[in-house]
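One structure below.
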Number of protein chains: 2
Amino acid sequence: MIRAEAADMPDDSPLKTPDRLRRRASRLLSQLSTRSDRLINEGLARADARKWHYAVLASLQECGPASQAELSRRTGIYRSDMVGVLNELAERDLVERAPDPDDRRRNVITISTQGRRHLRRLDKVLDDLNDELLAPLSPAERDQFVQLLTRLLDHHARTS
Amino acid sequence: MIRAEAADMPDDSPLKTPDRLRRRASRLLSQLSTRSDRLINEGLARADARKWHYAVLASLQECGPASQAELSRRTGIYRSDMVGVLNELAERDLVERAPDPDDRRRNVITISTQGRRHLRRLDKVLDDLNDELLAPLSPAERDQFVQLLTRLLDHHARTS
DNA sequence: CCGTTGCGTTAGTCCAACTAACGATATACG
DNA sequence: CGTATATCGTTAGTTGGACTAACGCAACGG
């Protein structure tokens with residue numbers, strides 16, 4: 001399997017990336033993540049959105065209205081960046097930002113009907129993009145990949 | 001499996017990250033990569049290095065001396081960034097930069113004895129860090145994880 | 001000889017992740 | 001009560017990685 005590439009690429013050059021580098025999980029992870037990010041960002045840009053938009057809308061849809069700070073915790077977006085994301089979403093009326101009468105420090109963010117519609121579109125877009133990302137894997141392998149990622153992430157999220 | 005976390009975490013709050021978000025491979029990938037990067041960067045910083053240093057030194061060790069442009073191709077570092085990396089490495093005498101007599105456009109980069117020693121240290125450091133990264137996985141699972149990553153990356157590298 | 005290509009280098013863009021600090025409000029404690 | 005402490009939304013700024021543009025120079029191909 002190692003020399004699968006030797007089939008279509010003459011190995012007469014010492015140009016190839018050294019094996020030591022290619023096998024490090026950390027490196028594979030970061031490289032694949034870069035490509036994945038690019039794929040996702042480009043796909044979402046075509047749909048006039050960013051990935052943070054999706055994260056916020058999905059969170060609102062699934063868990064209901066919330067303050068900005070709570071949204072930050074749910075989605076992992078820093079609350080300093082949340083401001084801008086919500087500005088963009090509110091500008092397009094995908095989301096409503098209203099002061100919380102119970103706690104005047106808070107804003108209550110609610111997803112709008114348009115927001116729900118937009119979210120449905122984005123869900124479709126992301127399904128397709130993730131399909132493209134995982135294209136070389138069989139369904140079983142995809143599940144396993146997701147499961148491995150989840151376990152690793154959970155571990156490092158709890159140990160943070 | 002979905003509510004594995006409910007075991008040690010009372011689910012009376014709507015704060016949890018929505019499932020839809022948690023299952024997207026692209027998202028898992030990017031989040032895990034962020035944490036992995038942080039782990040690696042901090043670990044290497046403690047050893048007074050950066051990940052690009054390792055990539056360059058390893059490439060030199062495994063494939064021999066090369067021009068800067070070729071190093072770029074081997075490692076994936078942009079040649080505009082390679083300059084700075086080589087400056088740092090040359091400053092510490094881990095690497096030697098000499099004009100190529102055969103092609104006066106080129107610099108030939110050679111790893112020094114100190115460079116080799118430094119590389120050995122970094123290899124150890126990275127072994128440990130990757131162990132930490134993959135801690136929750138069994139050896140078989142680690143192999144599989146690496147294999148899945150490799151296949152995905154190869155696919156998207158060729159389709160680039 | 002001239003156009004193209006590859007080289008090293010400089011500068012600068014873009015974006016994500018992250019920190020610091022602010023004013024305003026809410027909560028806890030003495 | 002009052003005062004400390006914490007939380008909220010917000011602004012500004014830093015850092016680092018990925019990436020582009022353009023330069024002068026050298027090599028190669030006609």
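Chain letters run A, B, ... following the sequence lines, proteins first and then strands; every chain starts at 1.
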Using a strict threshold of under 4.0 Å (side-chain N to carboxylate O), is an ion pair present between [Y] and [X]?
X	Y	result
B:Arg74	B:Glu62	no
A:Asp103	A:Arg106	yes
A:Arg105	A:Asp100	no
A:Asp123	B:Arg24	yes
A:Asp131	A:Arg142	yes

Taking for each residue the nucleotide of DNA chain D bearing the nearest heavy atom, is the 5' side occupied by B:Pro101 or by A:Val108?
->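 Its nearest nucleotide lies further toward 5', so the answer is A:Val108.
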Side-chain donor-acceptor contact under 3.5 Å, A:Arg97 with A:Asn87 |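 Indeed, the side chains of A:Arg97 and A:Asn87 share at least one donor-acceptor pair under 3.5 Å.
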Determine whether the side chains of A:Gln61 and A:Arg116 contain a donor N or O and an acceptor N or O closer than 3.5 Å.
->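 Judged by distance alone, the side chains do pair up.
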Calculate the interatomic distance between [X] atom [atom1] and [N] atom [atom2]; express it in whole Å.
X	N	atom1	atom2	value
B:Arg79	D:dT20	CZ	C1'	10 Å
A:Leu86	D:dG9	CG	P	9 Å
B:Met82	D:dA18	CE	C1'	14 Å
B:Arg38	D:dG17	CZ	C1'	15 Å
B:Arg104	D:dC28	CZ	P	11 Å
B:Arg105	D:dA26	CZ	P	11 Å
B:Leu44	D:dG16	CG	P	14 Å
A:Arg27	D:dG17	CZ	P	13 Å

Check each residue of residues 46-54 of chain B for a non-hydrogen atom within less than 4.0 Å of any atom in DNA chain D, then write out the ones that pass by number, or none.
->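 DNA chain D contact set from residues 46-54 of chain B: B:Trp52.
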Report the residue (B:Thr34 or B:Ser67) whose heavy-atom-nearest nucleotide on DNA chain C is the more 5′ of the two.
->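 Final value for this comparison: B:Ser67.
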Return the 5'-most residue of the pair B:Asp81, A:Asp100 with respect to DNA chain C, ranking by each residue's nearest nucleotide.
->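 Comparing both residues, the 5'-ward one is B:Asp81.
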Evaluate the criterion side chain to side chain contact (heavy atoms under 4.5 Å, CB included) for residue pair A:Leu152 and B:Leu28; output intermediate values, then yes/no.
-> CA-CA 9 Å; A:Leu152 287 170; B:Leu28 290 167; over 6 Å; no
Output yes when at least one side-chain N/O atom of B:Asn41 is less than 4.0 Å from OP1 or OP2 of D:dT15, else no.
->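 No.
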Mind checking which nucleotides bracket the chain A contacts on DNA chain C, 5' to 3', with an atom under 4.0 Å from a heavy atom?
->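 Nucleotide range in contact with chain A: C:dA17 to C:dA26.
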Would one find more than 12 heavy atoms of other residues, nucleotides or ligands at under 6.0 Å from atom CZ of B:Arg151?
->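 Above 12, so yes.
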A:Arg106 side chain: which of D:dA12, D:dT20, D:dC8 is closest?
->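 The nucleotide sitting nearest to the side chain is D:dC8.
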